[in-house]
Amino acid sequence: MIHVKSEEEIELMREPCSIVGNCLKFVGERIKAGMTTKEVDTLVYDYIKASGAEPSCLGYYGYPASACVSVNEVVVHGIPDDRVLEEGDIVSVDIVAYKNGFHGDCARTFCIGEVSEEKKKLVRVTEECFWKGIEGLKAGTPLYDISYKVQQHAEGNGFSVIRSYTGHGIGREMHEDPSVPNFGRKGTGVRLQAGTVICVEPMIAAGTWKVKVMPDGWTAVTADRRSAAHYENTLVVREDGFEILTLGSEK
Ligand code: MF3
Ligand code: CO
């Protein structure tokens, strides 16, 4: 069941959402070759705690960190460890913060130094998929119009969309209804109501969309080990459009 938020609830969601948006700006200014993914996680943990929020991922079904840090062939849920970031890597950082009784969820993919043309395009197209997906979104839009537009843009650029992970509703729980896939048929799915808060999160692969989960039970890698990228924002559907809550404002 989709829990449509009241204006009061949306007000409470602004803070956790802006914290994750700003946190990823903060991370983007600091992430560089030579850092370990664990050091990225520490930046995230410290930032979220200093903002008076809690890192929602830490302990979520036993997840051992505050951030998911997914390098190159890792699609999502990369567990921070001693892996050292190298020039040419692309790194997605996905974080969720809890404050005021609500969660905010956001992900970005960063390029470490100079990366290949293919990776550069993958990162760019993945963000574009987000913006294309929500083009024209407003109350009454069929949910899978978003999915369809994301898929069209990804496949139109020669990439594939990950099938086994999706966007989702968010609120008092990190994952609420509806599920927001990155593939689907235009004109289908529930018609979104004003006040619905969802995470739209294209996860796009350079090669196959098939993924394999590693024995740690979390780390999802592409079956062909080619790169994948991820871009996510939390947004609220409005009568006449939408409002993105996780863009952040910090310079
Ligand atoms: N941010 C992820 C999402 O969008 C959730 C991370 S899974 C966790 O669904 F276990 F790390 F929390
Ligand atoms: Co999410």
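Whatever order the structure lists ligands and atoms in, that order sets their numbers, starting from 1. Along the sequence shown, residues are numbered consecutively beginning with 1.
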Is the closest side-chain heavy-atom distance between [X] and [Y] below 4.5 Å?
X      : Y      : answer
Val125 : His153 : yes
Glu114 : Lys120 : yes
Asn182 : Gln151 : no
Ile10  : Arg238 : yes

Can you confirm, on distance only, whether ligand 1 has an N/O atom lying under 3.5 Å from any N/O atom belonging to Trp218?
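N/O-N/O distance below 3.5 Å does not exist for this pair.
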Nitrogen or oxygen atoms of Asp94 and ligand 1 under 3.5 Å apart:
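Min N/O separation from ligand 1 is below 3.5 Å for Asp94.
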Does His230 have its ring centroid less than 6.0 Å away from the ring centroid of Tyr165?
no
Pairing donors with acceptors under 3.5 angstrom, does anything connect the side chains of Asn233 and Thr246?
yes
Using 30° and 60° as the class limits, which term best fits the ring planes of His168 and His175: parallel, tilted or perpendicular?
perpendicular
Hey, what's the ring geometry for Tyr98 with His103, parallel, tilted or perpendicular (30° and 60° as the breaks)?
tilted
For ligand 1, which atoms have a heavy atom of [X] less than 4.0 angstrom away?
X     : value
Val96 : 1 (N)
His77 : 6 (C), 7 (S)
Cys68 : 6 (C), 11 (F)

Which residue and non-hydrogen atom of the protein lie closest to atom 9 (O) of ligand 1, and at what distance in Å?
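Checking every protein heavy atom, the shortest distance to atom 9 (O) of ligand 1 gives His175 NE2, 2.5 Å.
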Quick one: nearest non-hydrogen protein atom to atom 12 (F) of ligand 1, plus distance?
Cys57 SG, 3.1 Å
For the Co ion (ligand 2): the N/O/S atom of [X] at shortest distance:
X      : result
Glu201 : OE2
Asp105 : OD2
Glu232 : OE2

Could you tell me whether any N, O or S atom belonging to His168 is less than 2.8 Å from the Co ion (ligand 2)?
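An N, O or S atom of His168 is closer than 2.8 Å to the Co ion (ligand 2), so yes.
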Look at atom 4 (O) of ligand 1 and find which of Asp105, Val76, Val20 reaches it with the closest heavy atom.
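It is Asp105 that holds the nearest heavy atom.
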Taking atom 5 (C) of ligand 1 as the point of reference, which of His103, Met174, Met203 owns the nearest heavy atom?
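Looking at heavy atoms only, Met174 sits closest to atom 5 (C) of ligand 1.
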Given the rule in the salt bridge (Lys or Arg N to Asp or Glu O under 4.0 Å) test, do Arg30 and Glu39 qualify, once you have shown the distances and angles that lead to the verdict?
CA-CA 10 Å; Arg30 284 160 183 81; Glu39 287 172 326; over 6 Å; no
